Amino acid sequence: TAEKNEDTSCLLIQGHINPPYFVIKFYINGDLNSLIDDLEGDLNFQEKILNSMLSCVSELHSKSIFHRDIKPQNFLRDGDNIVVSDFGLGLEPNATSRFTNSSAAWGTQGYFPPEFPKGGFKKADATVDIFMLGKTIFALLTKQDPTYLVDTLLPAPLHHVIEKCCDYDKNKRYQTISELRQALSNVYDVLNGRGGVLGQVYQLKTIINDRLNEGKYRSKEVIEFIENLILVDQDDQIRICLDLDHKFFSVIILEKVISSLKEFLKVYQFMVESGQYSFSFAESIASNLELIFNATDVSLKDRNQALKLSIDAAHKMNRFAAMDTCRSMIMSVDDDRLGLEVASTIQSNPHYFIQSIEPSECHCTFVRNAILKIKES
């Protein structure tokens, strides 16, 4: 007898056949590999297909089922719809007698996460499927073997999302399908121009912060961020600068990015001069700019500009910790060329906390003489 199973949309063949088996619908349109050429360069179509994939997997997760063998071949086309198939590894993973020959290896090479061989298969969670979704997206959009996520011509924001899906540390991946869906939505907002330049700036800032938290960065992303930051209005520039991580300032002084530092300091100056921050944030400003001031590869003018802005913030907010940082910067100068620049800045800003510096503690004669002059005036 043939009995329809409403939950699986399959026919369960019963009777004297041993073992029983399912007959599923034949999907004449094939799997997602048949769409690879159509996906190339069509951002709207990419977004539609990726969202369909996420919806399929999200439905499984809502029932506490983790697929464990996600790849392009396991997403089948049903007209304009996408369905997920092959639950051999997703259902009852401890019952090894259920495994098919093709799934006996516990996943597909190039797609399964690094924790599988170490017992992670039986302790699967959402991050396992998210890892394999990242690999699947990479394979579909690049036509490359996903074993290694070789940097490609994929847009940087999209490549970043894939890399985060496939992080070797499962705790650093997106933890839920909804998180991944939101990240992809943000990316395609930017790529499709739905958020304009401002959307691009926020997306790049998120990418850069995520990379820096992992001890990594990409110079082209930092440069692109600064180039776009210049284009947004000053109110948005101020909000974005207020949210920059201290680690960001350790990157913009590096050789591959330093050419953009001058333009960045112009934008940062708007934020400092606006005074639209708490008095305690003046300490963050001084601490951030101290990294630039102490970087010997930075031009003398930019180093001196970093000091000027630090002094301005400390004075505006009357923040003692920021004042201490400014004094430390001034006293540390031991280069006569920089000393000439700093001496001029000191004389133009004879604030009481600068006057309090003991001249004998300054390493540069020009700085020492400048302190003496403002003490006498």
Side-chain angles (χ1 to χ4, degrees), residues 205 208-209 212 217 219 222-223 225-226 229-230 234 237-335 337-354 356-357 361-364 366-367 370-371:
K205 181 174 71 67
I208 291 167
N209 283 344
L212 290 174
Y217 87 102
S219 57
V222 178
I223 293 170
F225 167 75
I226 294 173
L229 180 61
I230 296 167
Q234 289 190 10
Q237 288 177 344
I238 290 168
R239 282 191 288 271
I240 292 165
C241 286
L242 286 170
D243 197 36
L244 290 177
D245 191 276
H246 183 68
K247 299 185 187 75
F248 176 82
F249 292 81
S250 67
V251 166
I252 59 175
I253 59 177
L254 298 179
E255 180 182 1
K256 293 182 178 180
V257 184
I258 203 169
S259 60
S260 300
L261 177 59
K262 184 179 184 67
E263 295 301 318
F264 172 75
L265 284 175
K266 289 179 181 177
V267 175
Y268 205 68
Q269 182 177 351
F270 295 144
M271 185 271 291
V272 173
E273 293 178 347
S274 73
Q276 296 180 31
Y277 45 88
S278 65
F279 75 95
S280 61
F281 192 74
E283 183 176 351
S284 296
I285 292 173
S287 177
N288 291 336
L289 293 174
E290 186 178 24
L291 289 174
I292 297 174
F293 182 81
N294 289 334
T296 56
D297 291 334
V298 173
S299 71
L300 298 178
K301 287 189 176 180
D302 286 346
R303 293 174 70 184
N304 188 49
Q305 177 68 355
L307 175 62
K308 284 181 180 178
L309 296 179
S310 299
I311 291 172
D312 189 18
H315 176 64
K316 269 188 172 68
M317 297 296 139
N318 196 33
R319 181 68 171 177
F320 294 147
M323 295 176 187
D324 287 342
T325 300
C326 292
R327 283 194 287 260
S328 176
M329 291 160 68
I330 291 168
M331 291 186 294
S332 70
V333 176
D334 57 6
D335 181 301
R337 297 172 303 159
L338 179 60
L340 281 169
E341 298 277 351
V342 170
S344 176
T345 295
I346 290 172
Q347 290 175 310
S348 300
N349 297 274
H351 305 305
Y352 73 92
F353 65 90
I354 294 178
S356 69
I357 296 174
E361 295 181 0
C362 297
H363 300 294
C364 175
F366 294 112
V367 174
I371 295 294

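Please read these numbers as outputs of a predicted model, since none were measured by experiment.
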J.: Using the side chain to side chain contact (heavy atoms under 4.5 Å, CB included) rule, take Ser260 and Ile252 through it: C-alpha gap first, then chi angles, then the decisive distance, then the call.
T.: CA-CA 8 Å; Ser260 300; Ile252 59 175; over 6 Å; no
J.: Does NE2 belonging to His351 count more than 12 external heavy atoms closer than 6.0 Å?
T.: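 Enclosed: over 12 neighbouring heavy atoms sit under 6.0 Å from NE2 of His351.
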J.: Looking at side-chain heavy atoms only, is the closest gap between Ile292 and Leu265 below 4.5 Å?
T.: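 Sidechains of Leu265 and Ile292: in contact.
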J.: For Ala321, does its backbone N or O pair with a side-chain atom of Thr325 as donor and acceptor, under 3.5 Å?
T.: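 Answer holds: yes.
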J.: Please identify which of these residues, Val298, Asp302, Val333, Asn304, meets the side chain to side chain contact (heavy atoms under 4.5 Å, CB included) condition with Phe293.
T.: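 So the option named by the test is Val333.
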J.: State which residue, out of Phe225, Phe248, Phe270, fulfils the ring pair (Phe, Tyr, Trp, His ring centres under 6.0 Å) condition with Phe264.
T.: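 Checked Phe225, Phe248, Phe270 against Phe264; only one passes ring pair (Phe, Tyr, Trp, His ring centres under 6.0 Å): Phe248.
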J.: Answer yes or no: is there a side-chain heavy-atom contact under 4.5 Å between Asp297 and Ile253?
T.: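 When only atoms from C-beta onward are counted, Ile253 and Asp297 do not touch, as no gap falls below 4.5 Å.
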J.: Quick one: do Tyr217 and Val222 satisfy side chain to side chain contact (heavy atoms under 4.5 Å, CB included)? Show the steps, please.
T.: CA-CA 8 Å; Tyr217 87 102; Val222 178; 4.1 Å; yes
J.: Only one of Glu341, Lys262, Gln269 passes side chain to side chain donor-acceptor pair (under 3.5 Å) with Gln305; say which it is.
T.: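 That would be Gln269.
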J.: Test side chain to side chain contact (heavy atoms under 4.5 Å, CB included) on Val272 and Ile285; report intermediate values, then the result.
T.: CA-CA 8 Å; Val272 173; Ile285 292 173; 4.0 Å; yes
J.: Looking at Asp312 and Lys316, does any basic side-chain N land under 4.0 Å from a carboxylate oxygen?
T.: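 Answer for the salt bridge query: yes.
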J.: Output yes when a side-chain donor or acceptor of Arg327 lies under 3.5 Å from a complementary backbone atom of Phe353, and no otherwise.
T.: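 Answer holds: yes.
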J.: Using 0.5 Å steps for rounding, measure from the OG1 atom of Thr345 to the NZ atom of Lys308.
T.: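 Those atoms lie 4.5 Å apart.
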J.: About how many Å separate CZ of Arg319 and OG of Ser284, when rounded to the nearest 0.5 Å?
T.: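 That separation rounds to 8.5 Å.
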J.: When the ring planes of Tyr277 and Phe281 are compared, do they come out parallel, tilted or perpendicular, using 30° and 60° as the limits?
T.: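 Tyr277 and Phe281: tilted rings.
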J.: Nearest 0.5 Å please: distance from the CD1 atom of Ile240 over to the NZ atom of Lys205.
T.: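 That separation rounds to 7.5 Å.
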J.: Where do Met271 and Leu242 come nearest, in terms of heavy atoms and distance?
T.: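 Where Met271 meets Leu242 most closely, the heavy atoms are SD-CD2, 3.8 Å.
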J.: Could you go through Ile346 and Ile371, starting from their C-alpha distance and side-chain angles, then the distance that decides it, and tell me whether this counts as side chain to side chain contact (heavy atoms under 4.5 Å, CB included)?
T.: CA-CA 7 Å; Ile346 290 172; Ile371 295 294; 4.0 Å; yes
J.: Is a side-chain donor or acceptor of Ser287 paired with a backbone partner of Glu283 at a separation under 3.5 angstrom?
T.: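 Between the backbone of Glu283 and the side chain of Ser287 there is no qualifying donor-acceptor contact (under 3.5 Å).
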J.: So, do Ile230 and Lys266 sit near enough that their side-chain heavy atoms are less than 4.5 Å apart?
T.: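 Answer no - side chains too far apart.
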J.: Can you name the closest pair of heavy atoms from Ile226 and Glu263 and give their distance?
T.: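 Looking at all heavy atoms of both residues, the shortest contact is CG2-CB, 4.5 Å.
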J.: Quick check: closest heavy atoms across Cys362 and Ile357, and the distance to 0.1 Å?
T.: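 Closest pair (atom of Cys362, atom of Ile357, distance): SG-CG2, 3.8 Å.
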J.: Just verifying a value: how many Å separate Thr296 OG1 and Asp335 CG, rounded to the nearest 0.5 Å?
T.: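 With rounding to 0.5 Å, OG1 (Thr296) is 9.5 Å from CG (Asp335).
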J.: Just by modelled atom types, is the Asp324 backbone N or O under 3.5 Å from a matching donor or acceptor in the Ser328 side chain?
T.: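 Answer holds: no.
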J.: State, with a plain yes or no, whether a side-chain heavy atom of Phe279 is found less than 4.5 Å away from one of Asn318.
T.: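 They are not in contact (no side-chain heavy atoms under 4.5 Å apart), so the answer is no.
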J.: How many angstroms lie between atom CG of Leu261 and atom OG of Ser299, to the nearest 0.5 angstrom?
T.: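 The OG atom of Ser299 is 7.0 Å from CG of Leu261, to the nearest 0.5 Å.
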J.: If you measure from CD on Glu273 to CD on Gln234, what distance do you get to the nearest 0.5 Å?
T.: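 Result: 9.5 Å between the selected atoms.
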J.: Looking at every non-hydrogen atom in both residues, tell me the closest pair between Ala370 and Gln347 and how far apart they are.
T.: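 Heavy atoms of Ala370 and Gln347 come nearest at CB-CG, 4.2 Å.
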J.: How close do Ile311 and Cys326 get, heavy atom to heavy atom, and via which atoms?
T.: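 Ile311 and Cys326 have their closest heavy atoms at N-SG, 3.6 Å.
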J.: Closest heavy-atom contact between Asn209 and Asp243?
T.: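 Between these two residues, the closest heavy atoms are ND2-O, 4.5 Å.
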J.: Do Cys364 and Asp334 have side chains that get closer than 4.5 Å, going by heavy atoms?
T.: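 Contact flag for Cys364/Asp334 side chains = no.
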